[in-house]
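Reading through the structure tokens given below for one structure.
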Amino acid sequence: MNNIIRLVIIYSCERMKILNKYEDIDRGLFFFNEGVVKPKISQFLSSNCKKLEMVISDKPEVKKIFEDWDEEKIKFEFLHYFWDFMQEQPIGYNTALLKHCNLSQKKLEAFMSRLMAEVKQVRSDYEFLDDYYEFAEQFSVSSLLSKDKLNESIFTYYRIFYELETKKPQLSMKEVNELFLKFIQQVPYYSPFIRKYLTTFSREPHHLSLTVPLNFSQGMLLDTLFHFLFQFIQELFYVGYFKIDLMSEKSPKDLKFKNLYEQQQIDRFEETTRIMDTLFNSLPSEQLKSYQVSVTNKAIDITLISLLFKQCQTQFDNDVLFYQDYFETSFLKDFYEIAPYKMGENSKKKATHMNKVFFKFLKHGFEAQGFTVDIKTAGAIDKWTLKIAYGKEKFLEMTGEQIRMNYKNRKLKKLFNYE
């Protein structure tokens, strides 16, 4: 579990560094997507697919974990396909989705070839597109398209961590597995670096395959191995949740074989964990920084809260600058006591407002996972307190000063910026 959250930390920090370096990348992508790509994809799907909705399964245990595909999700998937195609990255097509949309891979790729030609013909002398062109040479565009669910994934992680560590668990192991599979769907893992590998999963029999070209660049092989192991853990949880014996491909009935099956699953997880522990120490220097501040449970707490603080600080700054245009999409909008654009120029007052919003945001996030949260935000910010518990059991406590100093420490280690 901790190795998964370490991957989240590593790639979330890399994503923040990239977005800080290429400040206009979102503007450039908006320009291409809204002006050219999305309208063409909508038109293409409308002319081929009778119904832009897809039911994943009628089985209740599957519906608990995997949501059905609505029109927005389907279009979003094809948007990912296009940008991976545009950057010549290998694509793991969802064959069930293509069949549902009455599309062959050949027909889809012919459409994407035409669309790629249109994108390349778009006027490119706008200054704000400079960041896009520089970014696209070394980073994956599709990694920036997904909705940012870092915040949700961190709060879900803490609930799972509590259940695994406490002596008084509130959930059954089946419910913990359900929560983990939901957590996996929230995780913003996908590497921002251009991919040259492809990981595919097949059932009956269950197996995971990896295709890697030999002409890989420095760091790509390690990135590939992490992605493969991430998928491997995900699928182990999947077969564990549905109680599938990987030897017989059936659900074990006999108690003796059930216990053997569970031990085999534990052995697989332990071996995967040992491999990941070794790989972490081989990371390139930039990514190694993020791992080195996430080795112990306490260090993970400090880094995760600092990541959440950085997320809130960035959102707060955007709300102050663009409040009236973007307020409805701000994840902080429910926590303001005063509209951001009315806060004036006093930096001390802004800092107080921002920290108060952050404490409220933490309270809301942890309470949504069943924790009890007590915050005190009177007086100097350094004296503020955050106390998180589950029932009567203490879980996490921090002061305003600890949060500030921890964030300052992580910032000095250049976790959020290259320079």
Should the heavy atoms of other residues, nucleotides or ligands under 6.0 Å from [atom1] of [X] be counted, would the total exceed 12?
{"X": "Asp58", "atom1": "CG", "result": "no"}
{"X": "Lys289", "atom1": "NZ", "result": "yes"}
{"X": "Phe30", "atom1": "CZ", "result": "no"}
{"X": "Glu175", "atom1": "CD", "result": "yes"}

Aromatic rings [X] and [Y]: how do their planes relate, parallel, tilted or perpendicular, breaks at 30° and 60°?
{"X": "Phe371", "Y": "Tyr162", "answer": "perpendicular"}
{"X": "Phe183", "Y": "Phe180", "answer": "tilted"}
{"X": "Phe139", "Y": "Phe193", "answer": "tilted"}

(message) Contact between Leu19 and Ile25 at the side-chain level, heavy atoms closer than 4.5 Å - yes or no?
(response)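 Contact flag for Leu19/Ile25 side chains = yes.
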Salt bridge check: are [X] and [Y] linked by an N-O gap of less than 4.0 Å?
{"X": "Glu14", "Y": "Lys17", "value": "yes"}
{"X": "Lys363", "Y": "Glu367", "value": "yes"}
{"X": "Glu67", "Y": "Lys73", "value": "no"}

(request) List for me each residue that meets ring pair (Phe, Tyr, Trp, His ring centres under 6.0 Å) alongside Phe361, sequence neighbours excluded, and say none if there are none. (result) Phe155, Phe331
(request) Kindly write out the residues that satisfy ring pair (Phe, Tyr, Trp, His ring centres under 6.0 Å) with Phe76, not counting sequence neighbours, or none if the list is empty. (result)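 Here the qualifying residues are His80.
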(request) Give a yes or no on whether the ring-centroid distance for Phe416 and Tyr407 is below 6.0 angstrom. (result) yes
(message) Please report whether the ring centroid of Tyr132 lies less than 6.0 Å from that of Phe31.
(response) no
(request) Sequence neighbours left out, what pairs pass side chain to side chain donor-acceptor pair (under 3.5 Å) with at least one residue falling in residues 34-44? (result)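 Output for this query lists Glu34-Lys38, Ser42-Lys75.
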